[in-house]
Visitor: 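Dropping the structure in here first, questions after.
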Amino acid sequence: MIRSLRALRKLSVSCRPSPRPPRFSASPLLSESLSPSPHLLLPAFSLCSTFGTVSLGGNTSGYGGNASSAAEAEEVGEEEGVVSYRQTDAYAAIELALDSVVKVFTVSSSPNYFLPWQNKSQRESMGSGFVLPGQRIVTNAHVVADHTFVLVRKHGSPTKYKAEVQAIGHECDLALLTVESEEFWDGMRYLELGDIPYLQEAVAVVGYPQGGDNISVTKGVVSRVEPTQYVHGASQLMAIQIDAAINPGNSGGPAIMGDRVAGVAFQNLSGADNIGYIIPVPIIKHFLDGIEEKGNYVGFCSLGLSCQPTENAQLREHFRMRSEMTGVLVSKVNPLSDAHKVLKKDDIVLAFDGVPIANDGTVPFRNRERITFDHLVSMKKPEEKATLTVLREGVEHEFNITLRPLQPLVPVHQFEKLPSYYIFAGLVFVPLTQPYLHEYGEDWYNTSPRRLCERALRELPKKAGEQLIVLSQVLMDDINAGYERLAELQVKKVNGVEVGNLKHLCRLVEDCIEGSLRLDLDDERVIVLNYQNAKMATSRILKRHRIPSAMSSDLVNEDAAGSN
């Protein structure tokens with residue numbers, strides 16, 4: 001659900017070295033904290049004195065000097081009756097993390113959505129991770145997104161071990177790694193997951209931020225707990241804001257409270273000092289539980305509703321809400337959701353699983369805190385049922401609705417997937433995705449085609465498998481001369497038949513039995529080609545541009561399956 005189009009205009013993810021950094025962002029000024037490889041981007045060194053970052057090299061005392069100096073300092077502290085460093089939370093976090101937190105090295109290569117038959121140059125980046133029981137390593141999804149090779153290294157070890165990505169959840173920005181080498185696990189300590197910390201509770205963020213090669217600990221306190229836009233997956237889930245600096249390279253490292261993990265560091269607020277965000281334990285457990293039960297990432301559920309607050313008294317009176325009633329007004333219902341079978345526009349949702357929903361859309365959370373009811377929805381398991389109390393035309397109803405993850409009409413991200421494309425007579429057809437729009441630059445909301453951008457952000461799918469197909473570009477040739485200005489328009493019909501998705505368009509073109517091929521585009525534009533001449537032109541255009549195939553592998557496989 002998109003909260004603010006104005007907010008989307010400012011979004012950027014600027015932590016990865018790339019000709020066009022990925023911009024799968026959904027919150028203003030938030031950025032991932034992923035550290036690039038030192039030889040690709042030299043970090044600017046600066047002193048971090050606000051929260052006393054401790055960097056550990058060869059000695060493990062937490063001091064810049066040697067171990068004896070640390071011991072002397074501790075003895076002096078005890079003699080003077082003050083708390084020694086070894087008695088602080090920061091030192092306890094260090095001792096706990098030394099054999100639990102690892103450095104993650106990733107080589108990745110992202111697709112080029114303007115030239116979907118090829119990838120961009122590979123890049124190297126670094127992040128952090130930590131070990132859980134069962135020989136599992138948790139890190140951020142954006143640390144290993146589009147990976148081609150992953151290595152991990154223990155603290156104090158010169159050896160890097162190959163790691164495999166077992167599961168990855170881009171919506172929650174979490175990934176699970178495994179290492180086959182038994183040598184790697186020798187001496188490793190497993191961390192345990194804790195609870196959501198309360199406001200002003202202290203946490204210690206442990207990881208490998210830029211500015212050095214060794215482990216680092218930064219201490220801060222919890223400022224707020226609420227649903228927040230996750231930059232990487234452009235989703236809205238619960239997050240914890242802390243006043244500890246989360247810098248590039250901290251991504252995937254644990255935030256430790258006492259002797260347990262309170263969350264995973266994943267993003268910061270650009271332009272603000274010492275405002276970072278960690279993924280809380282309920283989100284981590286939901287991610288891990290789904291993997292244990294299903295063997296892979298299962299996603300986060302959605303009701304498929306767009307709702308409006310009912311804070312205005314006249315609005316509540318119009319919809320016949322009694323004085324004791326509170327709830328939210330249903331504006332839109334996703335046709336692919338189970339809710340579409342029972343809910344209607346102008347229904348008032350009063351409660352979710354018996355929990356009353358306030359007029360501003362919030363529900364009670366802990367001690368006098370409130371949180372949007374979306375959090376209750378997101379914590380449900382796929383195919384689990386929820387009971388909604390609904391007011392319709394002044395009468396209360398109860399509906400049982402099956403919850404499941406819902407895919408938008410225009411995908412928000414396409415990690416670990418090769419882009420789909422189809423080329424005919426030099427016309428390059430692609431499905432509309434947000435990564436495609438992101439290729440227009442950092443300010444993609446303003447620089448990408450306006451109509452495509454609005455559809456990507458607003459339109460809902462009408463049926464499963466539906467895609468918006470775009471004429472991405474025209475590879476010039478005699479056969480298509482004069483059509484080059486029609487690029488970036490949506491393809492509506494092929495020979496009078498409405499296009500459902502890219503596979504459907506490919507089939508309509510390939511199976512054409514008429515002498516001419518007609519394509520109807522946006523703005524009532526039309527392309528007409530002599531079918532046989534266009535078919536012969538396709539091969540020479542592909543050869544001229546060194547394109548290996550006229551269609552992406554998913555369409556080739558579909559075509560082969562259809563011919564068998």
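Sequence positions, counted from 1, serve as the residue numbers for this chain. Just so you know, these numbers use all the heavy atoms, side chains as well, and skip hydrogens, waters and symmetry mates.
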Visitor: Any donor-acceptor pair under 3.5 Å linking the side-chain atoms of D477 with those of N480?
Guide: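 On atom types as modelled, these side chains do not qualify, holding no pair under 3.5 Å.
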Visitor: So that I can tick it off, tell me whether K285 and D289 are bridged by a salt bridge, with the cut-off set at under 4.0 angstrom between side-chain N and carboxylate O.
Guide: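 No, this pair does not count.
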Visitor: Using a strict threshold of under 4.0 Å (side-chain N to carboxylate O), is an ion pair present between K381 and E293?
Guide: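 A salt bridge links E293 with K381.
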Visitor: Just checking, is any N or O donor in the side chain of H232 or E171 under 3.5 Å from an acceptor N or O on the other one?
Guide: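 Absent: no donor and acceptor within the cut-off.
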Visitor: Could you tell me whether a side-chain N or O of N140 sits under 3.5 Å from a main-chain N or O of G252, the two making a donor and an acceptor?
Guide: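 Here the side-chain-to-backbone pair exists.
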Visitor: Looking at OG of S378 and CG of L303, how far apart are the two atoms once the value is rounded to the nearest 0.5 Å?
Guide: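 Answer for the OG-CG pair, S378 versus L303, is 10.5 Å.
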Visitor: Nearest 0.5 Å, please: how far is CH2 in W117 from CE in M551?
Guide: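 So the CE of M551 and the CH2 of W117 are separated by 14.0 Å.
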Visitor: Test the K160-F105 pair against the cation-pi criterion, namely NZ or CZ under 6.0 angstrom from the six-membered ring centroid and within 45° of the ring axis.
Guide: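 Flagged: K160 positioned over aromatic ring of F105.
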Visitor: Between Y531 and F424, is the ring centre distance below 6.0 Å?
Guide: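 They qualify: ring centres under 6.0 Å apart.
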Visitor: Can a donor-acceptor pair be found, under 3.5 Å and without considering hydrogens, that links the side chain of T228 to the backbone of E226?
Guide: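 A pair under 3.5 Å: yes.
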Visitor: Would you say the side-chain atoms of S128 pair up with the backbone N or O of G249, donor to acceptor, closer than 3.5 Å?
Guide: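 Pair found, side chain donor or acceptor close to backbone of G249.
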Visitor: For the pair N501 (side chain) and Q467 (backbone), establish whether a donor and an acceptor sit closer than 3.5 Å, ignoring hydrogens and angles.
Guide: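 Pair absent, no side-chain N/O of N501 close to backbone of Q467.
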Visitor: So, are K492 and E524 salt-bridged, with charged N and O less than 4.0 Å apart?
Guide: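 No, no charged N to carboxylate O under 4.0 Å.
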Visitor: Could you tell me if the side chain of L486 sits less than 4.5 Å from the side chain of I527, heavy atoms only?
Guide: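 Of all side-chain heavy-atom pairs linking L486 with I527, at least one is under 4.5 Å.
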Visitor: Using 4.0 Å as the upper bound for N to carboxylate O, is an ion pair formed by R136 and E292?
Guide: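 Yes, charged N to carboxylate O under 4.0 Å.
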Visitor: Determine the minimum heavy-atom distance between S109 and K120, stating which atoms define it.
Guide: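 The answer is OG-O, 2.9 Å.
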Visitor: Just grab all the salt bridge (Lys or Arg N to Asp or Glu O under 4.0 Å) pairs involving residues 420-435, residues at least two apart or on different chains.
Guide: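 Sorted pair list comes back empty.
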Visitor: May I ask you to say whether R455 pairs ionically with D522, meaning some side-chain N is under 4.0 Å from a carboxylate O?
Guide: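 Yes, R455 and D522 are salt-bridged.
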Visitor: Verify, without hydrogens or angle tests, whether E459 (side chain) and L468 (backbone) share a donor-acceptor contact under 3.5 angstrom.
Guide: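 Between the backbone of L468 and the side chain of E459 there is no qualifying donor-acceptor contact (under 3.5 Å).
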Visitor: Under the 3.5 angstrom rule, does the side chain of R544 hit a backbone N or O of M476 as a donor-acceptor pair?
Guide: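 Answer holds: yes.
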Visitor: With the side chain counted from C-beta on, respond yes when L517 and V528 share a heavy-atom pair under 4.5 Å apart, and no when they do not.
Guide: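 Answer no - side chains too far apart.
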Visitor: Starting from the C-alpha separation in whole Å, work towards a yes-or-no answer on side chain to side chain contact (heavy atoms under 4.5 Å, CB included) for I348 and V390.
Guide: CA-CA 5 Å; I348 303 292; V390 174; 5.9 Å; no
Visitor: Do any N or O atoms from the side chain of D338 and from the backbone of T402 form a donor-acceptor pair under 3.5 angstrom?
Guide: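 The answer is yes, because a donor-acceptor pair under 3.5 Å joins these two groups.
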Visitor: Ring centroids only, cut at 6.0 angstrom: are Y113 and Y440 within range, meaning strictly under it?
Guide: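 Aromatic pair excluded; centres sit 6.0 Å or further apart.
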Visitor: Side chains of I371 and T362: closer than 4.5 Å at any heavy-atom pair?
Guide: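 They are not in side-chain contact.
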Visitor: Would you name the heavy atoms of S553 and L418 that are closest together and state the gap between them?
Guide: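 Of all heavy-atom pairs spanning S553 and L418, the closest is OG-CD1, 4.2 Å.
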Visitor: Rounded to the nearest 0.5 Å, how far does CG of L432 lie from CD of E488?
Guide: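 CG of L432 is found 11.0 Å from CD of E488.
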Visitor: Within 45 degrees of the ring normal and closer than 6.0 Å to the centroid, is that where the cationic atom of R450 sits relative to Y445?
Guide: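 So R450 does make the cation-pi contact.
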Visitor: Counting N and O atoms only, with roles assigned by atom type, does the side chain of Q118 sit under 3.5 Å from a partner on the main chain of N112, one being a donor and the other an acceptor?
Guide: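 Not confirmed, Q118 side chain does not pair with N112 backbone.
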Visitor: Quick one, N400 with L388, criterion side chain to side chain contact (heavy atoms under 4.5 Å, CB included). Give me CA distance, side-chain angles, the key distance, then yes/no.
Guide: CA-CA 6 Å; N400 290 321; L388 266 64; over 6 Å; no
Visitor: Could K344 and D346 be called an ion pair, given the rule that one side-chain N must be under 4.0 Å from one carboxylate O?
Guide: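 Salt bridge absent between K344 and D346.
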Visitor: When rounded to the nearest 0.5 angstrom, what is the spacing between CD in E466 and NE2 in H504?
Guide: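 Rounded to the nearest 0.5 Å, the CD-NE2 separation comes to 12.0 Å.
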Visitor: Any chance you could measure L174, atom CG, to L176, atom CG, to the nearest 0.5 Å?
Guide: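 Output value for this atom pair is 9.0 Å.
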Visitor: Please find out if less than 6.0 Å separates the ring center of Y277 from that of Y230.
Guide: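 No, they do not, as the ring centres are separated by 6.0 Å or more.
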Visitor: Rounded to the nearest 0.5 Å, what's the gap from CD on E383 to CG on L403? Could you check?
Guide: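 Result: 9.0 Å between the selected atoms.
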Visitor: Might you point out which heavy atoms bring N250 and P209 nearest each other, and give the distance in Å?
Guide: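 Heavy-atom minimum between the residues: OD1-CB, 3.6 Å.
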Visitor: Taking 4.0 angstrom as the limit, do D520 and R525 come out as a salt bridge?
Guide: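 The answer is no: the pair does not qualify as a salt bridge.
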Visitor: Side chains of K503 and L555, heavy atoms from C-beta outward: is any pair under 4.5 Å?
Guide: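 In contact.
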Visitor: What I want to check is whether the side chains of S110 and R123 have a donor and an acceptor closer together than 3.5 Å.
Guide: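 The criterion, which ignores hydrogens and geometry beyond distance, is satisfied for R123 and S110.
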Visitor: Please find the pair of heavy atoms, one from F287 and one from G169, that lie closest to each other, and give the distance.
Guide: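 Nearest pair, atom of F287 first, then G169: CE1-N, 3.7 Å.
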Visitor: Give a yes or no answer on whether the side chain of T106 reaches the backbone of V143 with a donor-acceptor pair at less than 3.5 Å.
Guide: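 Present.
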Visitor: Grab the two heavy atoms, one from P280 and one from I240, that are nearest each other, plus how far apart they are.
Guide: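 The pair with the smallest heavy-atom distance is CB-CD1, 3.7 Å.
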Visitor: Would E510 and Y422 count as having a side-chain donor-acceptor pair, cut-off 3.5 Å?
Guide: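 Note: E510 and Y422 side chains meet the donor-acceptor criterion.
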Visitor: Which heavy atom in S552 sits nearest to a heavy atom in S420, and how many Å separate them?
Guide: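 Answer, listing the atom of S552 first, then S420: OG-CA, 3.3 Å.
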